[in-house]
Amino acid sequence: MSESIIKAKSFELAVLGIRFYKSLVSDKKEFVMSKQFLRSINSVGANVREAVNAQSKADFIHKLAVSQKECDETMYWLELLKETDYISVEEFKSIYPKCEEVLKIIRSTLSHQKATHNS
């Protein structure tokens with residue numbers, strides 16, 4: 001894994017998420033799901049950063065696995081916001097693919113790390 005790629009992509013996702021959250025609160029007046037969304041999307045990058053600074057390979061895998069869960073949770077909140085008409089399909093499409101991209105990178109990295117960790 002290129003640590004700089006996953007760090008950069010997860011940071012970009014957090015910035016996008018914060019901007020998205022601000023519009024949900026100010027424009028849509030949605031405060032409950034948007035707060036959960038904000039928490040999970042920021043946790044993705046925070047746990048990636050912790051993984052990069054892990055003390056062991058096992059710690060790295062654990063932190064990245066947490067990041068994977070948080071990314072998937074973020075996608076859940078986006079799906080829920082779309083299905084309950086708080087966000088439009090266009091708004092959904094403006095961020096969801098970026099979550100999918102980060103999730104794929106995390107999963108790929110985890111898969112590689114687990115394979116080399118167990119061998």
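All of these numbers come straight from a predicted model, not from anything done at the bench.
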Quiz item: Is I61 linked to V102 within one hydrophobic cluster, defined over Ile, Leu, Val, Met, Phe, Trp and Tyr using a side-chain heavy-atom separation of less than 4.5 Å?
Solution: yes
With a 3.5 Å cut-off and sequence neighbours excluded, list the donor-acceptor pairs that the side chains of residues 8-20 form with protein atoms.
unit_1	atom_1	unit_2	atom_2	d
K9	NZ	E101	OE2	3.0
S10	OG	I6	O	2.8
S10	OG	K7	O	3.2

Self-check item: Distance in Å, E50 CD paired with S43 OG, rounded so as to fall on 0.5 Å steps
Solution: 8.0 Å
Quiz item: How far does NZ of K104 sit from CD of Q68, to the nearest 0.5 angstrom?
Solution: 13.5 Å
Quiz item: Got a second to check how far N53's CG is from K63's NZ, nearest 0.5 Å?
Solution: 11.0 Å
Quiz item: Partners of K28 by salt bridge (Lys or Arg N to Asp or Glu O under 4.0 Å), sequence neighbours excluded?
Solution: E91
Quiz item: Are any side-chain N or O atoms of S67 and backbone N or O atoms of V44, one a donor and one an acceptor, separated by less than 3.5 Å?
Solution: yes
Practice problem: Consider only side-chain heavy atoms of I, L, V, M, F, W and Y, link residues closer than 4.5 Å, and tell whether V66 and F60 are in one cluster. | Solution: no
Quiz item: Looking at side-chain heavy atoms only, is the closest gap between Y21 and K35 below 4.5 Å?
Solution: yes
Practice problem: Applying side chain to side chain donor-acceptor pair (under 3.5 Å), run through D27 and S23 and close with a yes or a no. | Solution: CA-CA 5 Å; D27 300 342; S23 73; 4.8 Å; no
Practice problem: To the nearest 0.5 angstrom, please state how far the CD1 atom of I41 sits from the CE atom of M75. | Solution: 10.5 Å
Quiz item: Is there side-chain contact between T84 and M33, with heavy atoms separated by less than 4.5 Å?
Solution: yes
Quiz prompt | Hphob cluster co-occupancy, F31 + L38, side-chain heavy atoms under 4.5 angstrom | solution = yes
Practice problem: Evaluate whether atom NZ of K82 has more than 12 neighbouring non-hydrogen atoms of other residues, nucleotides or ligands under 6.0 angstrom away. | Solution: yes
Self-check item: Separation between CG of L80 and OH of Y86, rounded to the nearest 0.5 Å
Solution: 9.5 Å
Self-check item: Side-chain donor or acceptor of T74 paired with backbone N/O of E70 under 3.5 Å
Solution: yes
Quiz item: Does atom CZ of R39 have more than 12 heavy-atom neighbours, drawn from other residues, nucleotides or ligands, at distances under 6.0 Å?
Solution: yes
Self-check item: Side-chain heavy-atom pair E30, V25 within 4.5 angstrom cut-off
Solution: no
Practice problem: Working to the nearest 0.5 Å, report the span between CD1 of I87 and OG of S34. | Solution: 11.0 Å
Practice problem: Scan side-chain atoms only and decide if Y96 and E79 contain a donor-acceptor pair under the 3.5 Å cut-off. | Solution: yes
